[in-house]
Amino acid sequence: MVQKIIAIYGKGGIGKSSTASNVAAACAESGYKVMIIGCDPKSDSSITLLGGKRIPTVLDTLREKKNIKKEDVVFEGFGGVLCTEVGGPEPGVGCAGRGIIVAIETLKKIYPEFMDNDLIIYDVPGDVVCGGFVAPIKKGFVNEVYVLTSGEYMPLYAANNICRGFSKIGMKLGGVICNSRNAFLERELAEEFANKIGSKLIGYIPKDPIVQNCERDGFSVLENAPDSEIAEIYRKLAKEIMENSDSVNPTPLSDDELRNLSKKYAADE
């Protein structure tokens, strides 16, 4: 089996952490060794894998003591998923992207075996146009990326812009994931967008209140609602990602092309 080291990008608030944690849980459920590395200064990527508990971040721990150990910053969550949170710089100073590099280099020193996991997921905040948040790619920590969007215009705009960044640095796109917001003809729009940039829609996650209910309680869907239809959706997405071998160099749309595509699927007023 080819090891998967992936990063998930998308507009803020589009559901990256929720998707990443549920995919991690589904893969662990299938017997894979999984690790999730949260790169958001909010440090919330792994919270639903840990019963709603926050864990000490690598950067905060480094500020407190020079010599840190694996058990200080790597914690086992649901299904055996290993969880690490990078954390952020001091408020108002420093670069979050630089912090990601420092944290990952620290992990390599204190827990070199982390690279032996079957799946490593980097949950990355922001937009690839920020050079800092593209650090996992530029440093060679990632071998495949996925972009998360919905059928709304601004998440699509962000996804297209992210793909523009991928094309500039030569990073291959594994596929587009649509996290539904119940927009009009949302799946069809996301599928055509993926095709037009040369990729594919690898997963469609319907809007389901179960997801937010589980998050509110501090759990993944796979743990708290394992028999639900949405849990099966995450299992299917996890399987698609683990079996995917069809990564491409994306060809982003021009702003006019994206606008026209969005208008094509607009609801009649």
ask   = Between the main-chain N or O of Ser254 and the side-chain N or O of Glu257, is there a donor-acceptor pair closer than 3.5 Å?
value = yes
remark   = With sequence neighbours left out, the residues meeting salt bridge (charged side-chain N to carboxylate O under 4.0 Å, His left out) with Lys168 are none
inquiry  = Is it the case that the side chain of Ser46 and the backbone of Leu49 share a donor-acceptor pair, with hydrogens and angles ignored and the cut-off at 3.5 Å?
reply    = no
inquiry  = Any side-chain to backbone donor/acceptor pair from Glu85 onto Ser45? Under 3.5 Å, distance only.
reply    = yes
Interatomic spacing from CG in Asp40 to CD1 in Ile100 - rounded to 0.5 Å = 9.0 Å
Donor + acceptor pair across side chains of Ser21, Thr48 (<3.5 Å) = yes
query = What pair of heavy atoms forms the shortest contact from Thr61 to Pro56, and how long is it?
reply = OG1-CB, 3.8 Å
query = Taking the inter-plane angle between the rings of Phe141 and Tyr122 on a 0 to 90° scale, is it parallel (under 30°), tilted (30 to 60°) or perpendicular (over 60°)?
reply = parallel
Heavy-atom check, side chain of Leu258 versus side chain of Tyr157, under 4.5 Å = yes
key: Centroid separation Phe219 to Phe78 less than 6.0 Å   = no
task = Could you grab the distance from atom CG of Asn160 to atom OH of Tyr153, nearest 0.5 Å is fine?
result = 8.5 Å
ask   = Which of these passes side chain to side chain donor-acceptor pair (under 3.5 Å) with Glu215: Ser220, Ser17, Ser18?
value = Ser18
message = So, taking the atom named OH in Tyr265 and the one named CG in Leu156, what distance separates them when rounded to the nearest 0.5 Å?
response = 11.0 Å
request  = Output yes when a side-chain donor or acceptor of Asp123 lies under 3.5 Å from a complementary backbone atom of Gly38, and no otherwise.
outcome  = no
inquiry  = Other residues, nucleotides and ligands only: do more than 12 of their heavy atoms fall within 6.0 Å of CD on Glu105?
reply    = yes
request  = Enter the distance from Ser262:OG to Leu189:CG here, rounded to the nearest 0.5 Å.
outcome  = 6.0 Å
message = Just checking Glu113: does its CD atom have more than 12 heavy atoms from other residues, nucleotides or ligands closer to it than 6.0 angstrom?
response = yes
request  = Could you walk me through whether Glu232 and Tyr234 pass side-chain hydrogen bond (donor to acceptor under 3.5 Å, both in side chains), step by step?
outcome  = CA-CA 5 Å; Glu232 283 302 313; Tyr234 284 120; over 6 Å; no
query = Between Asn224 and Val221, is there a donor-acceptor pair closer than 3.5 Å when you use the side chain of the first and the backbone of the second?
reply = no
query = Do Lys172 and Glu144 sit within salt-bridge range, that is, some charged N less than 4.0 Å from a carboxylate O?
reply = no
ask   = Does the side chain to side chain contact (heavy atoms under 4.5 Å, CB included) test come out yes or no for Val58 and Val86, once each step is laid out?
value = CA-CA 5 Å; Val58 176; Val86 166; 5.5 Å; no
ask   = Asn195 side chain to Glu191 main-chain N or O, any donor-acceptor pair under 3.5 Å?
value = yes
Spacing of Glu192 atom CD and Leu185 atom CG [to the nearest 0.5 Å] = 11.0 Å
note = Applied to residues 174-185, the side chain to side chain donor-acceptor pair (under 3.5 Å) test, sequence neighbours excluded, yields Ser180-Glu186, Ser180-Tyr204
inquiry  = How about CG on Asn67, more than 12 heavy atoms from neighbouring residues, nucleotides or ligands closer than 6.0 Å, or not?
reply    = no
inquiry  = Tell me if a side-chain donor or acceptor on Arg164 pairs with a main-chain N or O of Ala159 at a distance below 3.5 Å.
reply    = no
query = Has the side chain of Asp118 got a donor or acceptor atom that lies under 3.5 Å from a matching backbone atom of Lys33?
reply = yes
Atom pair NZ (Lys70) and OG1 (Thr84), whose distance is rounded to the nearest 0.5 Å = 9.5 Å
ask   = Could Lys69 and Asp72 be called an ion pair, given the rule that one side-chain N must be under 4.0 Å from one carboxylate O?
value = no
ask   = For the side chain of Gln3 and the backbone of Met115, is there at least one donor-acceptor N/O pair under 3.5 Å apart?
value = yes
Donor-acceptor contact below 3.5 Å, side chain Asp208 vs main chain Ile230 = no
key: Within 6.0 Å of NZ in Lys200, more than 12 heavy atoms from elsewhere   = yes
key: Verdict with reasoning, Ile177 to Val147, per side chain to side chain contact (heavy atoms under 4.5 Å, CB included)   = CA-CA 6 Å; Ile177 303 168; Val147 65; over 6 Å; no
query = Hey, mind stepping through Val74 and Glu71 against side chain to side chain contact (heavy atoms under 4.5 Å, CB included) and telling me if it holds?
reply = CA-CA 5 Å; Val74 179; Glu71 53 266 30; over 6 Å; no
